[in-house]
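The structure appears right after this line, and notes come after that.
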Amino acid sequence: MLTAIKEKIVGDLAQETSLPETEILNLLEVPKSLDHGHLSLPVFSLAKQLRKAPPIIAQELAGKIGARQNPLIEKVSAVSGFVNFHLKPREFQDILLQAVHGAGDHLGHRTVGQGQTLIIDFSSPNVAKPMSIGHLRATVIGQAILNLAKTQGYKVIGLNHLGDWGVQFGKLAWAFQKWGPEYDFSARPFESLFQIYVRFHEEAEKDPSLDAAGSLVFKRLEEGDPEIQAIWKRFVDISLKEYGRLWGLLGVQHDLVRGESFYNDRLKPTEKLLEAKGLLEESEGAMVVRLDEEKLPPCLIRKSDGASLYATRDLASAIYRMEELKCDLNLYVVGEDQTLHFRQVFRVLEKMGFAWAKNCHHISFGMYRFKEGRMSTRKGNVIFLEDVLSKAIDMMKTIVEQKNPSLSSGEKDTVARQVGIGAVIFNDLANDRVKNVDFDWDRVLSFEGDSGPYVQYMNVRCLSVMRKYGKPIPKQMPAVLTTEWEKELIRLLMNFEDVLSGAFRQFKPHVLAGYLLDVCQAFGQFYHHCRVLGEAAEVEQSRMALIYCTHQVLEKGLKVLSIEAPQAM
Ligand code: ARG
């Protein structure tokens with residue numbers, strides 16, 4: 001794709017500028033509009049060394065590159081401090097089609113991550129509690145970054161850091177022993193579990209002695225009491241089964257579950273290590289690592305009652321991931337409310353002397369904002385993921401019913417699921433993750449706006465033209481495509497590889513989502529202005545090939561976002 005072209009012109013540029021090739025590859029950018037060519041090199045960084053004004057440098061460089069007559073370049077021009085490259089349309093479109101035909105499932109992939117392992121902690125819910133809409137973000141952003149990492153050649157481990165330990169499980173076990181028989185655990189296990197969870201907290205508000213009773217049961221759990229352990233294990237199993245159902249709907253699968261309880265044996269050694277490094281201090285009966293120099297509050301390692309903390313487990317788990325699993329990059333997809341926690345944990349790891357601490361990243365995200373009154377909640381302010389997903393599917397079913405009554409009822413169900421879920425995922429991923437997301441059902445499910453259904457629908461249109469064409473997709477484009485709409489679409493499609501790698505480098509899936517919308521726009525324009533079927537054979541073939549490339553990019557792009565591409569809608 002575009003990378004292949006950059007590589008074919010970088011040699012000339014390196015010779016004329018004496019900049020290293022890697023630097024030129026980083027500098028080369030894609031101009032916003034075709035008026036400025038396909039690629040552009042800013043020369044500002046050369047100004048100091050050459051003691052010349054950037055517009056002069058650009059002009060001279062354009063002249064020299066032009067004189068070299070690179071077979072890919074049609075025209076080189078200088079515009080203020082930029083050298084712009086206009087590529088030959090024939091070569092340009094051929095490279096696109098070859099890339100699409102040649103790459104198969106690896107379209108747009110790179111190998112930069114080869115030989116490296118990336119671990120990503122995402123969608124790590126807390127046992128016995130339904131996943132909330134907040135977990136939706138952790139889930140879909142995490143899965144998208146995981147998929148992006150795979151396109152860059154990394155070996156990837158998707159990890160569930162399940163919240164399965166702490167005094168609340170003593171309380172829950174106490175509640176289970178007392179009230180369990182009143183609930184139908186065999187028919188509705190997860191619901192029952194959550195009900196006794198809620199009931200315990202309601203009762204404990206009236207009678208604080210319940211908390212003490214729960215703490216005692218937790219002590220038994222910590223000491224390995226087989227009866228309590230069996231109950232706890234049941235909670236974990238019930239919860240994982242429930243989460244698995246929702247993850248299935250969202251196309252998510254973890255490679256590894258390492259809940260907080262997994263680190264129980266590793267906490268003491270972690271404390272020992274902190275002690276050996278002289279980092280552990282007593283403070284009001286608790287043990288802490290002071291982070292005064294970094295102007296952060298102390299990181300709490302052990303409470304005065306001896307209980308370990310969330311941070312202690314995260315220290316142990318980071319060490320496990322990097323030292324035992326030998327990962328090179330360690331990502332945490334967790335909401336912005338835990339920013340301080342991760343800053344503290346990463347800083348403590350640095351103080352412990354782990355050079356890899358700089359390879360740990362908190363991939364933070366903002367919150368959902370619901371339009372008033374559009375989403376009822378079962379209890380309090382929590383919006384459950386399950387409710388959002390089933391509502392999306394239901395609403396989409398009505399829409400599909402209207403739009404495409406000829407589908408069979410089984411097909412309608414499939415499409416409603418693919419499009420309903422896709423709509424929710426896309427609505428999330430289309431936003432820069434650090435920002436809050438507005439949730440407005442009309443926009444989420446719209447087939448026209450900047451939505452998931454719109455992207456899926458454009459792909460379906462490509463597929464339906466391909467079906468009508470009825471012949472194999474041409475391996476070549478016999479006619480050079482020269483209308484502005486064709487050129488713009490080709491230009492965008494050529495960027496797919498760069499978009500994937502850019503989205504990965506910033507850990508920002510919205511870069512890809514926004515790009516897919518641009519491709520759809522450009523395709524819409526092209527399809528509106530350019531006739532395909534029934535044109536002269538050479539034009540028809542070239543345009544069919546272009547439609548095929550569009551379909552491939554849309555489908556592969558959706559897949560990276562974990563959104564299905566329906567065959568019809
Ligand atoms: N269970 C936590 C929550 O639901 C998220 C865990 C994130 N991962 C971690 N290593 N701390 O808020």
Side-chain angles (χ1 to χ4, degrees), residues 118-143 145-146 156-169 172 190 193-194 197 232 235-236 239-240 242-244 246-247 250 252 254-264 266-267 270 299-301 307-325 327 329-349 354 356-357 359-368 380-386 428 433 507:
L118 176 150
I119 193 158
I120 179 163
D121 170 338
F122 74 109
S123 188
S124 303
N126 301 315
V127 164
K129 285 206 256 178
M131 278 202 266
S132 70
I133 185 88
H135 287 108
L136 173 63
R137 302 221 69 195
T139 306
V140 299
I141 294 170
Q143 183 66 44
I145 294 176
L146 187 156
V156 183
I157 306 174
L159 179 115
N160 172 5
H161 187 86
L162 186 69
D164 66 355
W165 203 251
V167 68
Q168 65 272 31
F169 296 104
L172 202 59
F190 190 74
L193 190 58
F194 184 54
Y197 171 90
W232 168 82
F235 296 162
V236 172
S239 303
L240 279 178
E242 167 70 8
Y243 306 142
L246 295 174
W247 286 326
L250 292 168
V252 165
H254 290 100
D255 302 298
L256 199 60
V257 184
R258 289 287 177 262
E260 294 190 36
S261 65
F262 177 80
Y263 301 99
N264 286 342
R266 290 174 161 81
L267 299 177
T270 305
C299 182
L300 221 59
I301 303 296
S308 66
L309 287 131
Y310 187 51
T312 331
R313 293 170 190 283
D314 261 329
L315 290 173
S317 89
I319 296 171
Y320 168 74
R321 294 174 199 182
M322 301 307 260
E323 302 271 311
E324 285 183 56
L325 300 182
C327 296
L329 264 177
N330 178 18
L331 310 185
Y332 301 80
V333 185
V334 185
E336 64 189 2
D337 50 332
Q338 295 192 26
T339 301
L340 175 62
H341 164 76
F342 285 108
R343 283 181 64 197
Q344 291 176 307
V345 167
F346 298 162
R347 194 58 201 117
V348 172
L349 290 167
F354 292 118
W356 46 253
N359 299 329
C360 299
H361 301 278
H362 174 206
I363 314 295
S364 157
F365 53 81
M367 290 178 344
Y368 267 107
N381 294 319
V382 193
I383 291 174
F384 296 121
L385 175 55
E386 157 100 71
D428 188 305
R433 62 176 163 77
F507 305 130

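In listed order, ligands and their atoms are each counted from 1.
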CA sep, side-chain torsions, deciding dist, call: D121, R321, salt bridge (Lys or Arg N to Asp or Glu O under 4.0 Å): CA-CA 10 Å; D121 170 338; R321 294 174 199 182; 2.9 Å; yes
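Numbered from 1 in the order shown, with element, the atoms of ligand 1 that lie under 4.0 Å from a heavy atom of Q338 read 12 (O). Under a 4.0 Å criterion applied to the non-hydrogen atoms of Y332, ligand 1 contributes the atoms 10 (N). Short contacts between ligand 1 and D121, defined as distances under 4.0 Å to a heavy atom of the residue, involve ligand atoms 7 (C), 8 (N), 9 (C), 10 (N). Close approach to V334 involves these atoms of ligand 1, each under 4.0 Å from a residue heavy atom: 7 (C).
The single protein non-hydrogen atom nearest to atom 6 (C) of ligand 1 is Y310 OH, 3.3 Å, given as residue, atom name and distance. Counting protein heavy atoms only, atom 2 (C) of ligand 1 is closest to S124 O, 3.5 Å.
At a threshold of 4.5 Å between non-hydrogen side-chain atoms, the residues I120 and V333 count as touching.
Here the rule is ring pair (Phe, Tyr, Trp, His ring centres under 6.0 Å) with Y332, and of F122, F346, F365, F507 only F346 fits it. Each of Y263, F235, Y310, W232 was scored for a ring pair (Phe, Tyr, Trp, His ring centres under 6.0 Å) with W165, with one residue passing: W232.
With a heavy-atom cut-off of 4.0 Å, F342 touches ligand 1 through its side chain alone. At a 4.0 Å heavy-atom cut-off, ligand 1 touches D314 through the side chain alone.
For E260, the heavy-atom gap to ligand 1 stays at 4.0 angstrom or more. For the pair R313 and ligand 1, no heavy-atom separation below 4.0 Å is found.
The shortest N or O to N or O distance between N126 and ligand 1 is under 3.5 Å. Geometrically, ligand 1 and H341 share no nitrogen or oxygen pair separated by less than 3.5 Å.
The cationic group of R258 lies under 6.0 Å from the six-membered ring centre of F262 and within 45° of the ring axis, placing it in a cation-pi geometry.
We find that R266 and E324 are joined by a salt bridge, their nearest charged nitrogen and carboxylate oxygen being less than 4.0 Å apart.
Classification of the Y197-F194 ring pair by plane angle, with boundaries at 30° and 60°, yields parallel.
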